[in-house]
Student: 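Let me begin by handing over the structure; questions about it come next.
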Amino acid sequence: MAHQKFDTDYNMNQEDLFKKLIAHSKEYGYIFQSSEIYDGLSAVYDYGQLGAELKKNIKEYWWNSMVLLHENIVGIDAAIFMHPKVWKASGHVDAFNDPLIDNKDSKKRYRADVLIEEAREKIYAKINKEVDKAAKRFGDTFDKDQFVATNQRVLDNQAKIDELTKRFQAALENNDLADLKQIIIDYEVVCPISGTKNWTDVRQFNLMFETKLGSVSEDANSIYLRPETAQGIFVNFLNVQKSGRMKLPFGIAQIGKAFRNEIVARQFIFRMREFEQMEMQFFVRPGDEMLWFEYWKEKRMAWHKALGLGDGNYRFHDHDKLAHYANAAADIEFQFPFGFKELEGIHSRTDFDLNQHQEFSGKKMQYFDTELNKNYVPYVVETSLGLDRTFLTILAHAYTEEKIEKEDGSFDERVVLKIPAALAPVKLAVLPLVKKDGLPEKAREIIDNLKFDFNCQYDEKDSIGRRYRRQDAIGTPFCVTIDHESLETNTVTIRNRDTMEQERVSVQQLTEILKDKVSMRKLLEKI
Ligand code: GAP
């Protein structure tokens with residue numbers, strides 16, 4: 001069959017694409033709205049049978065890249081509940097706030113900083129529109145740099161952006177809530193629901209969920225659901241260092257749930273109220289932190305790029321405003337369907353956290369450096385990645401609609417999830433061509449051998465073409481078809497998800513072929 005492939009991304013706007021992706025995730029068992037039969041719970045999601053597999057594979061890729069490949073990094077699994085003083089010491093009780101604002105007409109609540117960022121995006125969009133228009137007008141002779149440096153409308157809008165950015169940064173820096181409101185008024189931000197500018201004052205809102213520990217509610221103590229996994233690592237710094245006889249520099253990695261009562265909880269699994277983080281705190285000598293900060297920035301970027309989602313889809317973004325604990329911070333951003341947004345944070349957290357825990361607990365958080373012959377509180381460089389956001393990068397990049405030209409000139413369509421093979425939930429589908437003549441038995445025999453190493457799926461229902469489409473839709477990188485020749489020659493055809501090409505191979509070769517194509521090792525070797 002002659003195939004012609006058209007990626008249809010270009011004629012589908014990103015919003016439509018995103019809606020289709022969400023519907024596809026549900027239809028094929030990747031992601032469901034939490035408590036859907038009760039109309040769902042806002043910004044909380046459940047991972048279905050395939051989503052759970054993909055998540056597990058992402059975790060394995062991250063964990064192995066940290067713990068398996070670094071002799072000086074170990075992993076832990078700390079509890080979600082922690083002593084309430086932890087969050088006082090870390091600064092979360094006093095400072096883990098978002099500035100919120102309500103629209104008096106729609107009664108909708110927004111993050112003031114997000115409204116301002118969106119207003120800034122709108123001005124950027126105006127510039128981009130001018131550039132696109134000019135590019136069309138001038139064709140090949142168009143010089144973008146010269147155009148943006150000389151066009152008056154572009155210059156005026158750029159000046160607006162610069163002024164807005166300066167004011168916005170100052171307001172955040174000085175915690176000036178009145179000016180945040182004033183910026184919203186000055187830039188004529190309207191509520192997307194009511195369309196009015198009838199705003200309340202800006203107030204601070206703490207993002208931690210509070211609950212009670214203990215059986216009798218009057219006696220019970222208030223505790224928090226952890227808003228980051230990092231503190232579980234800090235409070236165990238000495239336990240791990242001593243029990244593991246760890247020498248600086250060394251790291252502690254952890255994967256686990258975190259909870260934030262996000263005001264703006266939108267964009268599917270991008271911003272959730274319950275989510276998972278993959279964090280690593282790297283403890284270093286004071287003074288060495290900038291070297292390690294740069295080292296981990298590069299390492300983490302390489303980890304992302306090894307997935308093959310397109311190098312141009314990633315960029316670094318240095319923080320405008322440093323958190324109270326950091327002396328350097330950068331985000332790795334990814335081009336999601338709704339624009340470039342934060343995927344991972346790399347932060348040089350100084351000795352802030354360990355010092356705070358030392359002060360609040362009264363226990364020494366020091367390390368004895370035998371080379372320097374002195375005690376000190378180590379500095380920390382952290383890498384903090386959202387598991388759900390990583391999941392979304394993979395799914396958003398994977399979702400492809402293709403038109404395939406058949407031999408008779410007509411077109412067939414398929415939706416295919418081009419998930420990196422090493423992370424795909426199902427690695428191999430085994431499909432008997434017909435449900436008789438001993439072909440199902442042969443297929444089962446192949447699965448019984450391969451299932452110890454690879455997640456395999458058996459499917460005998462419907463035509464072979466429909467079965468291929470089902471496997472394409474869930475992202476299975478390889479399908480093996482058993483036909484009558486298979487019984488005579490012990491060979492099968494193996495079909496590649498992305499190229500749709502088929503090849504006849506012997507059954508004995510299957511393990512080696514799959515190991516080569518879907519192994520996590522290949523991915524790890526690229527980092
Ligand atoms: N320990 C540092 C820390 O928690 P952060 O920038 O607040 O830093 C780190 O969070 C990462 O966690 C983010 O880059 C993002 O990938 C993920 N993340 C944060 N809030 C999230 C949310 N509400 N939903 C999904 N992922 C989130």
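Every number for a ligand or one of its atoms is a count from 1 in the order of the listing. Just so we're clear, the structure is a prediction, and the values are computed from it rather than from any experiment.
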Student: Could you tell me how the ring of Phe234 sits relative to the ring of His357: parallel (under 30°), tilted (30 to 60°) or perpendicular (over 60°)?
Tutor: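 Judged by the thresholds at 30° and 60°, the geometry between Phe234 and His357 is tilted.
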Student: Measure up the Trp296 and Phe282 rings against each other and bin them: parallel (under 30°), tilted (30 to 60°), perpendicular (over 60°).
Tutor: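 Trp296 vs Phe282 ring planes: perpendicular.
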Student: For Glu525 and Lys522, what are the C-alpha separation, side-chain angles and deciding distance, and is it a salt bridge (charged side-chain N to carboxylate O under 4.0 Å, His left out)?
Tutor: CA-CA 5 Å; Glu525 278 172 354; Lys522 280 265 156 70; 6.0 Å; no
Student: Is Asp331 paired with Arg315 through a side-chain N to carboxylate O contact shorter than 4.0 Å?
Tutor: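 No, this pair does not count.
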Student: Give yes if a backbone or side-chain nitrogen or oxygen of Glu279 is under 3.5 Å from a nitrogen or oxygen of ligand 1, and no if not.
Tutor: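 So ligand 1 has an N or O lying under 3.5 Å from an N or O of Glu279.
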Student: Do any heavy atoms of Gln267 fall under 4.0 Å from ligand 1?
Tutor: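 No; Gln267 lies far enough from ligand 1 that no heavy-atom distance drops under 4.0 Å.
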Student: At under 4.0 Å between heavy atoms, is it the side chain or the backbone of Arg271 that contacts ligand 1, or both, or neither?
Tutor: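 Near ligand 1, Arg271 shows its backbone as well as its side chain.
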Student: Considering heavy atoms of the protein only, find what lies nearest to atom 9 (C) of ligand 1 and give residue, atom and distance to 0.1 Å.
Tutor: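 For this ligand atom, the closest protein heavy atom is Ser384 OG, 2.9 Å.
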Student: Which bit of Glu344 is near ligand 1, meaning a heavy atom under 4.0 Å away: side chain, backbone, both or neither?
Tutor: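 The backbone, only.
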Student: When you measure from atom 14 (O) of ligand 1 to each heavy atom in Met272, Gln281, Glu342, which option holds the nearest one?
Tutor: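 It is Glu342 whose heavy atom sits nearest to atom 14 (O) of ligand 1.
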Student: Please write down residue, atom name and distance for the protein heavy atom closest to atom 16 (O) of ligand 1.
Tutor: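 In this structure, atom 16 (O) of ligand 1 has Leu343 O, 2.7 Å as its nearest protein heavy atom.
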Student: Give the numbers and elements of all ligand 1 atoms closer than 4.0 Å to a heavy atom of Arg349.
Tutor: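 Result: 1 (N), 2 (C).
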Student: Should the pair Lys297 and Phe316 be classed as cation-pi, given the thresholds of under 6.0 Å to the six-membered ring centre and 45° from the axis?
Tutor: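 Yes, cation above the ring, under 6.0 Å and within 45°.
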Student: Tell me whether Glu118 is salt-bridged to Lys122, with the criterion being a basic N under 4.0 Å from an acidic carboxylate O.
Tutor: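 Looking at Lys122 together with Glu118, the answer is no, because their closest N to O distance does not fall below 4.0 Å.
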Student: Between Tyr314 and His304, how do the two ring planes meet: parallel, tilted or perpendicular, split at 30° and 60°?
Tutor: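 Rings of Tyr314 and His304: tilted, as their planes differ by 30° to 60°.
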Student: Considering only non-hydrogen protein atoms, determine which one is nearest to atom 2 (C) of ligand 1 and report residue, atom name and distance to 0.1 Å.
Tutor: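 In this structure, atom 2 (C) of ligand 1 has Glu382 OE2, 2.9 Å as its nearest protein heavy atom.
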Student: Please confirm whether Asp388 comes under 4.0 Å of ligand 1, counting heavy atoms of the residue only.
Tutor: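 No, that is not the case, since the closest heavy atom of the residue is not under 4.0 Å from the ligand.
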Student: At what distance is the nearest protein heavy atom to atom 25 (C) of ligand 1, and which residue and atom is it?
Tutor: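 Result for atom 25 (C) of ligand 1: Phe270 O, 3.2 Å.
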Student: Mind checking whether Phe336 and Phe338 have parallel, tilted or perpendicular rings, split at 30° and 60°?
Tutor: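 Answer is parallel, since the angle falls under 30°.
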Student: Do His92 and Gln231 pass the side-chain hydrogen bond (donor to acceptor under 3.5 Å, both in side chains) test, and can you show the C-alpha distance, the side-chain angles, and the key distance before you say yes or no?
Tutor: CA-CA 11 Å; His92 284 81; Gln231 297 303 325; 4.7 Å; no
Student: Return the option from Glu276, Gln231, Arg260 holding the heavy atom at the smallest distance from atom 5 (P) of ligand 1.
Tutor: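 Looking at heavy atoms only, the winner is Arg260.
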Student: Any nitrogen or oxygen of Ile269, side chain or backbone, less than 3.5 Å from one on ligand 1?
Tutor: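 It does not: no N or O of Ile269 is found under 3.5 Å from an N or O of ligand 1.
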Student: Nearest protein heavy-atom contact for atom 15 (C) of ligand 1: which residue, which atom, what distance?
Tutor: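 Nearest protein contact, heavy atoms only, for atom 15 (C) of ligand 1 is Arg389 NH1, 3.5 Å.
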Student: Which protein heavy atom lies closest to atom 12 (O) of ligand 1, and at what distance to 0.1 Å?
Tutor: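 Residue, atom and distance for the closest contact: Gln277 NE2, 3.3 Å.
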Student: Look at the aromatic rings of Trp303 and Tyr61 and report parallel, tilted or perpendicular, splitting at 30° and 60°.
Tutor: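 Taking Tyr61 first and then Trp303, their aromatic rings lie parallel (interplane angle under 30°).
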Student: Atom 18 (N) of ligand 1: which protein heavy atom is closest, and how many Å away?
Tutor: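 Protein heavy atom at minimum distance: Phe275 CE1, 3.5 Å.
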Student: Could a heavy atom of His347 be found less than 4.0 Å from some atom of ligand 1?
Tutor: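 True for this residue.
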Student: Measure the acute angle between the ring planes of Tyr295 and Trp292, then classify it against the limits of 30° and 60° as parallel, tilted or perpendicular.
Tutor: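 Answer is perpendicular, since the angle exceeds 60°.
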Student: List the closest protein heavy-atom neighbour of atom 17 (C) of ligand 1: residue, atom name, distance to the nearest 0.1 Å.
Tutor: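 Ranking protein heavy atoms by distance from atom 17 (C) of ligand 1, first comes Gly386 CA, 3.7 Å.
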